[in-house]
Amino acid sequence: AQKVTQAQTEISVVEKEDVTLDCVYETRDTTYYLFWYKQPPSGELVFLIRRNSFDEQNEISGRYSWNFQKSTSSFNFTITASQVVDSAVYFCALSEDYGQNFVFGPGTRLSVLP
Amino acid sequence: DTEVTQTPKHLVMGMTNKKSLKCEQHMGHRAMYWYKQKAKKPPELMFVYSYEKLSINESVPSRFSPECPNSSLLNLHLHALQPEDSALYLCASSQAFLAGAGEQFFGPGTRLTVL
């Protein structure tokens, strides 16, 4: 069975600090997809990134970067120079079977203080 | 149009009521999903439709009845709910399966309260 672990339940940082959100996954499939979503207080889930199991290249998008390491089954997310608007719950998710099985991790609540 | 819309935004119903939640997308996606999210918990998958056919039912009680009238619409019919069914109900859509697991686009949700 697939499983996603986000060990950090809550993180608080001061604005402009860098912060890394951890995600560890478990799957028996060789083809799978990993995602990060942001859920601000408004409630709507916002897609951030998708990565397939064959693409281990790290990715950077503005202040966001992702580190995918199959050897440790991890897909960590770093926010550089955090801002108050980054305050939200962040979910890591795993999809197997070409998308039919989709499971979210428990989420990490990030608070960025001014 | 990269939006998933859901109506209503808020719904309060009694345990004997019958109501429906609606979801619509115009991105040409052929997979649509219903999730239930309790406070401080991740979304839990309830149903998946692929090409308007029910593909996955995650052992959801029969008081929840999904319907996909066409490729753009997804309904969730509610009947005889319990107070513990109060939650945020999220709809999502994505590219069809077998095209790779496309990212899911989520609607804003319907916040349901059962009295």
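Naming: A, B, ... by sequence-line order, numbering from 1 per chain.
Listed in order of number, the residues of residues 64-87 of chain B that approach chain A to under 4.5 Å between heavy atoms amount to none.
Hydrophobic clustering keeps A:V46 apart from B:L88 (ILVMFWY residues linked when any side-chain heavy atoms are closer than 4.5 Å, directly or through intermediates). In the hydrophobic clustering of this structure, A:Y90 does not group with A:V24; members are Ile, Leu, Val, Met, Phe, Trp, Tyr whose side-chain heavy atoms approach within less than 4.5 Å, directly or through other members. Under a hydrophobic clustering in which Ile, Leu, Val, Met, Phe, Trp and Tyr are joined whenever their side-chain heavy atoms come within less than 4.5 Å, directly or via other members, A:V19 and A:L113 fall into different clusters.
Taken from CD in A:E10 to NZ in B:K40, the straight-line distance is 6.5 Å, to the nearest 0.5 Å. Distance check: B:Y35 OH to A:F104 CZ gives 5.0 Å after rounding to the nearest 0.5 Å.
Closest approach of B:G107 and A:E44 over heavy atoms only: O-CG, 3.8 Å. Shortest non-hydrogen contact noted between B:P42 and A:G105 is CB-O, 3.1 Å. Minimum interatomic distance between B:P43 and A:L45 (heavy atoms only, all atoms of both residues): CG-CD1, 3.7 Å.
Around the NZ atom of A:K70, the shell of radius 6.0 Å holds more than 12 heavy atoms that belong to other residues, nucleotides or ligands. Within 6.0 Å of the CD1 atom in A:I60, the count of heavy atoms belonging to other residues, nucleotides or ligands does not exceed 12. Other residues, nucleotides and ligands contribute only 12 or fewer heavy atoms inside 6.0 Å of the NZ atom of B:K41. The number of heavy atoms from other shown groups lying within 6.0 Å of NZ (B:K19) does not exceed 12.
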Check the pair A:Y37 / B:E103 against side chain to side chain contact (heavy atoms under 4.5 Å, CB included), numbers first and verdict last. CA-CA 10 Å; A:Y37 283 85; B:E103 57 269 28; 4.2 Å; yes

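The most heavy-atom pairs under 4.5 Å with chain A, out of B:R111, B:E44, B:Q37, come from B:Q37.
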